[in-house]
Amino acid sequence: MINSLFLISHSGDIFLEKHWKSVISRSVCDYFLEAKEKAGDPENVAPVLQTPHHYLISIYRGKLFFLSVTQTEVPPLFVIEFLHRVADTFQDYFGDCSEVVIKENTVTVYELLEEMLDNGFPLATESNVLKEMIRPPTILRSVVNTLTGGSNVGGTLPTGQLSNVPWRRAGVKYTNNEAYFDVIEEIDAILDKSGTTVFAEIQGVVEACVKLTGMPDLTLSFMNPRLLDDVSFHPCVRFKRWESERVLSFIPPDGNFRLMSYHVSSQNLVAIPVYVKQNISFLETGSCGRLDITIGPKQTMGKTVENLTVTIPMPKSVLSVNLTATQGTYTFDLTTKVVLWDVGKLNPQKLPNLRGSISIQTGSPKPEENPSINIGLQIQQLAISGLKVSRLDMYGEKYKPFKGVKYVTKAGKFQVRT
Amino acid sequence: MSSSSAFNEEKGGSSSVGEPEYGHDPASGGIFSSDYKRHDDLKEMLDSNKDSLKLEAMKRIVAMIARGKNASDLFPAVVKNVACKNIEVKKLVYVYLVRYAEEQQDLALLSISTFQRGLKDPNQLIRASALRVLSSIRVTIIVPIMMLAIKEAASDMSPYVRKTAAHAIPKLYSLDPEQKDQLIEVIEKLLADKTTLVAGSVVMAFEEVCPERIDLIHKNYRKLCNLLIDVEEWGQVVIINMLTRYARTQFLNPNINESLLEEGGGADKTFYGSDEDEDEDEEEKEKKAEAAAMAKRKPYVMDPDHRLLLRNTKPLLQSRNAAVVMAVAQLYFHLAPKAEVGVIAKALVRLLRSHSEVQYVVLQNVATMTIKRRGMFEPYLKSFYIRSTDPTQIKILKLEVLTNLANETNISTILREFQTYIKSMDKDFVAATIQAIGRCATNIGEVRDTCLNGLVQLLSNRDELVVAESVVVIKKLLQMQPEKHSDIIKHMAKLTDNIQVPMARASILWLIGEYCEHVPKIAPDVLRKMAKSFTNEEDIVKLQILNLAAKLYLTNSKQTKLLTQYVLNLAKYDQNYDIRDRARFIRQLIVPTEKSGALSKYAKKLFLALKPAPVLESPFKDRDHFQLGSLSHLLNAKAGGYQELPDWPESAPDASVRNVEVPEWTKCSSREKRKEKKVEKPFYSDSEGESGPTESADSESDSASGSESGSEGSGSASESEESGGVSVSEEEEEEEEEEKKTKKRELKKAVQESESEQSSEEEDRKHERKMKQQKSDSESESDEEEESESESSQSESDDSESEAEVRKKKKAAESKPPSKPAKRETTKEKKEMSLLDLDDFEPAPSPQVTPVNNLFSNSLVTDLEGLSLSEAVLLPATITPSSVLKSYELLHRITGEGLSVEYCFSRQPFSPDANMVAVQMQFTNSSASDTKSLHMEDVKLQSGMRVKEFPEIESLPAGETATAVMGIDFCDSTQAANFQLCTHTRKFFVSIQPPVGELMRPVFLTENEFKKEQGQLMGMNEITEKLTLDAKCRNEHAIVQRVTTAANLSRVPCGSDKECRFAGRTVTSGSLVLVTVATREEGAAQLTINCEKMVIGTMLVKDILLALTQ
């Protein structure tokens, strides 16, 4: 399926290659680099490219291209999903998935890739299984290993490989048994010029951090599971139970994982936490324009809006901006022409405002379009859809775990058209 | 190892040099960067006795490989370490070997013996990795060794090793394709493997080695479907894709009828309105659709295996893995009935929130789907709205989807949305938007003018690209109705002064030329201007100028003759030969000379022929002939190794091939059976139609058992209380007996037979039914408790009226003399079939279909067989263990003077009458002489009870046994049925008294339904008892077994393992019986029974208590 993998840096440097079948010369990447040149923006490189003898399927993650080469028919999503899983694994192992980190850990990366694919077909992708075979590098362990000659590679088959709960290894032990769940919701919305909602929906995830001894069997139930319109689960969740009782019943993986992601239907009215009053205009003559943005709270359910940011990608012909913010600071990136206004906490008594003038390259015509405004925000202790966890029960183990649920609402792709 | 001493002597020096480097990660420094002399160092380190040195060296070498540096000259030094004790060193050596073995084949052979040893290691990980590396070494000489190793590993104890063997198969195949036959044998063997670990890998091997050997799948089809949910994600993708292809060859097109119906997604639309409980809705819809289809058209019946696949893949739509979701989506798109495809839309829309690469692929597929099934995605229109932050390629795909989704109702919203897109900074995207507007305009007549006006406004846009694109689109739109829009053409003519984009200029010129008659004044002037700038134009514009000149010359030669000559002369000396050619051609054609041929007469016709308006089509049209989700679909070109998605077969191939362990003799019979099936299609239609809903795992599984009996049975339930009812049923029996005389020797009475018999009495029955209805009405007034029951019976009898209609038709078909012998044959075969099924289902019979019965119509059997299997699948824990049927003595050998009779409750639906309990009797003649004409007489019953006698047994030779089945309607009571058993010489008084557990039949309920029903049967109807479980009966399995032995109930799926639930209905009245056994600590348990019939409830409590505590 997957013949080879090349890791290519943002600048086009091929810094790692791995082949699972016969070696394919790295010159095959030239087709990709050419396409990358053409596309300009790395996001615009087509994920699937056809070359005379190979197919190139790539993803762009953390300023890196993961480029896989295949010679035969394979579902493209299969490869894409796998590459993302590889990137996730790196993230998991090294805390980051960047060129520097991967170069630092080339051998571990290579060992991981060797285990993850066999002859191009995924062999072990479950992080729990991998971690038993190749232990993540820590400073302590590398010191110990140098002294004792020990290795980072496990000698027995990970228990997860054979069990029917491959995501959990046997014999986990903790002194403090704890299970934390974060309900994180993101509002995706498009507001039009007048502030009316063109489209809005809520997407949520339940992230879990479970550190429990033994083989606990957890049941998480919601006060209002009917809200959830569409869900997808970590493989550990018993789908039957969800279908019949709308509870999440599962034997959790060890550590951090995403338990489920859900979608709250757009039919339910989505609360929009802030409103934006904006006026961006470019004058017909004189190559300048004006900008005036005010943000105020709308439906915040009595909570404070925090980490408020406003991002405005300006037209390419804009030279500079001269703005004043009543709260927070703003920056203007000269190369990308993006205005970034970091507002901070939203104070309902004194609404933050950003105003000033925009200067445009002399001679260039008035920009046809107005830039759209992207909002970022965070509200603690609130799930905007109203979803609430009612209880968490544990079966199968005797001890009493410490449990906690946290709610956060964030702005996802929250865009105001102007 | 005496490592320390050796180390001190020899390597002391070098290691101390190397020492300080160890702290660093080898890859970080540039130590090895390009200095090949360093390799000597590495060699030395590899030769050392210290593992840490070796490890260090290997790490550096692997880092070199990773960077793409050549490290092949180290091969001899590295290969020596293949047997190193340190597992990390060993693994890194493996990495090196696999990378370079192909280049250094001879040296690679040195390592082989190590792997061969490794293959016999007691540690499964070592066995597996030895096989992995051995099979990855691409050296042709070792092919036989690999083959042997694979064969051995394929029967290894450890599933992990077997999985590795499956992985090794494609490796060997690519190394030496001549091994194919042997490899197929291994694949066949591994396909039969029952562990989930192996399933995905072996199907992968199958796909790479022998995707054409679809026959290997038959026997494993059901197993694969059942295992699917537990297979790891990657395996799921491969299996689902393979099964899609398989299903396309083995099942009939479920939409075969749909294609006859009207197109358009009207039905779909309402369908998606509801968001919650969609599943239920869907099933209802499906049923309705099916019912409607049944009434109107030739019936299509989904193969239960087909249904099994659809049902087992559906939960996977909730997978976190986008590839799995896509695989299921394409499976539904290619295989599911139209009404069910909708479920995938939501899941696909969900994927749109994933990484942009995932979005890209999903949108491509959605674009293809929207062309075929627009309705499916309409509710999610807004999810395809474009954000300015989307990458361009995503924007363009979303635009494509939006365009495909546009229809009369939503076009205004879409156009408004498009308007905002036109203002975008992304010019490629704007151009695509304009194209999209054009397509909307062509597809939806109502908005054509609006679109056109909007596009004309764009002509005054500042951006030239926008204008140019608009011109091109307008040109296409105008071609549809040019006469109305001459002012637009004039407007565009003016644009030629400003627009520089060649394509746009060419389009304008073509428009003016084509419709020069609409703008007679402007056209020559445009030509004049163009003639002036001719030499500076782009080639496509020049060609259009020539065209314009020619057309004007033909229509308006007075004004343009000279201009045309001028242009043609200019073109004659153009650099481009295309233009020179065109000029010569046009001159010959239009300018009359003495030599000009016949063609010039037709010049006008040639140039000004009516041209068909271009069709603005989606680039995704017809892409669905590629399997969706595949690489080939994405590229719209066949990729290497792509397996074509076959067309549906005209008629279904033999379904029995999927039966596991078919004895040889049945193969032919099943083939015959298939023929028969075709002949008698209208005949089966009814029973099959009824089994449709059952198949969809609905609670009304009972309706399948007796298609015809539902009608009268419902009545007789209410009859039981009425005195008049008895006479009616007796009448019926008489009629039946008459029938029997006419068809004397038919031992096995099949369903359809009794059907025919009843249909002949159609008139009478209608009358009867009316009476019954009245009765049940009166009852409902008198007794509240009975109300629900009588209601249901009423509705049932209503149904049956329409059924009767169908049956009438059938009767006509049946009564044709030639079909009769054929029928008899089928009944015989039916018996064989059912026997066969018995074999098949021994491992996991579902409660409804305990095998023994030979009274089934075979279609029913096959339907149910699928059902039973699939149920077992869905609820792996709920398999009811096939309890041994308890037999009772009816007549002892001594009192019976040699004739002994035993009976048991076979737990089969008694097909002639669903309201009767089937009693299977076994006659054994242990006397010295034959017993003749065994039959029953003088039946004494409590009021309301009825008996269907077993057919007379003519003779039972000495020492032989015979079985017969009779039906008794016990009227939901445990009163005995008394009758006389007669032989040719004697009569014996006997009586049959049923245990209460046999007065019910199992029904399939989901957990939710169960809870709902239980909620309605509280208070008086609920009986709770505490008990202590028998020591042997503390596990779930034992409880299930004991309860199902005590009572004919079916297990209800339950999420908690502390509770077992069972459900059934009483045979006569169909009252629900719900049983819950909740277990506590230390064998304590609580038994709860909910039943409308309190008497039954109390008796059942006693029986089950007894069963669980002893």
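Below, chains carry the letters A, B, ... as their sequence lines are ordered, and counting in each starts from 1.
- Salt bridge absent: A:Glu114 and B:Arg99 never bring a charged side-chain N and a carboxylate O closer than 4.0 Å.
- The pair A:Asp230-B:Lys346 fails the salt-bridge criterion, with no side-chain N (NZ, NE, NH1 or NH2) lying under 4.0 Å from an Asp/Glu carboxylate O.
- In this structure, no portion of B:Lys90 lies under 4.5 Å from any heavy atom of chain A.
- Heavy atoms of A:Ala46 lying under 4.5 Å from chain B belong to its backbone as well as its side chain.
- For chain B, no part of A:Arg258 is nearby; none of its heavy atoms comes within less than 4.5 Å.
- Between A:Arg417 and B:Glu417 there is a salt bridge, since at least one side-chain N of the basic residue sits less than 4.0 Å from a carboxylate O of the acidic one.
- The parts of A:Phe233 that come within reach of chain B are both its backbone and its side chain, each placing non-hydrogen atoms under 4.5 angstrom from that chain.
- Here NE2 of B:His167 is found 8.5 Å from CG of A:Asn119. Values are rounded to the nearest 0.5 Å.
- Interface remark: B:Gln627 contributes no atoms to any contact with chain A (heavy atom separation under 4.5 Å).
- Only the side chain of B:Gln359 comes within contact range of chain A, judged by heavy atoms closer than 4.5 Å.
- Of the charged side-chain nitrogens involved, none lies within less than 4.0 Å of a carboxylate oxygen, so that A:Glu111 and B:Lys59 do not count as a salt-bridged pair.
- Across B:Glu102, B:Gln330, B:Lys638, B:Gln364, the residue that shares the most heavy-atom pairs under 4.5 angstrom with chain A is B:Glu102.
- When heavy atoms are compared at a cutoff of 4.5 Å, B:Leu92 approaches chain A solely by way of its side chain, counted from C-beta outward.
- With respect to the salt-bridge test (charged N to carboxylate O, under 4.0 angstrom), the residues B:Glu233 and A:Arg85 qualify.
- For A:Pro371, the parts lying near chain B are the backbone and the side chain together; criterion is any non-hydrogen pair under 4.5 Å.
- Of the atoms belonging to A:Thr219, not a single heavy atom falls under 4.5 Å from chain B.
- Heavy-atom distances place both the backbone and the side chain of A:Met1 under 4.5 Å from chain B.
- In summary, the aromatic rings of A:Phe82 and B:Trp234 are positioned with their centroids under 6.0 Å apart.
- If you measure heavy-atom distances from B:Tyr360 to chain A, the contacts under 4.5 Å come from the side chain alone.
- The parts of B:Val358 that come within reach of chain A are both its backbone and its side chain, each placing non-hydrogen atoms under 4.5 angstrom from that chain.
- In this structure, chain B has no heavy atom under 4.5 Å from any part of A:Tyr395.
- A donor-acceptor contact shorter than 3.5 Å is absent between the side chain of A:Glu73 and the backbone of B:Ser630.
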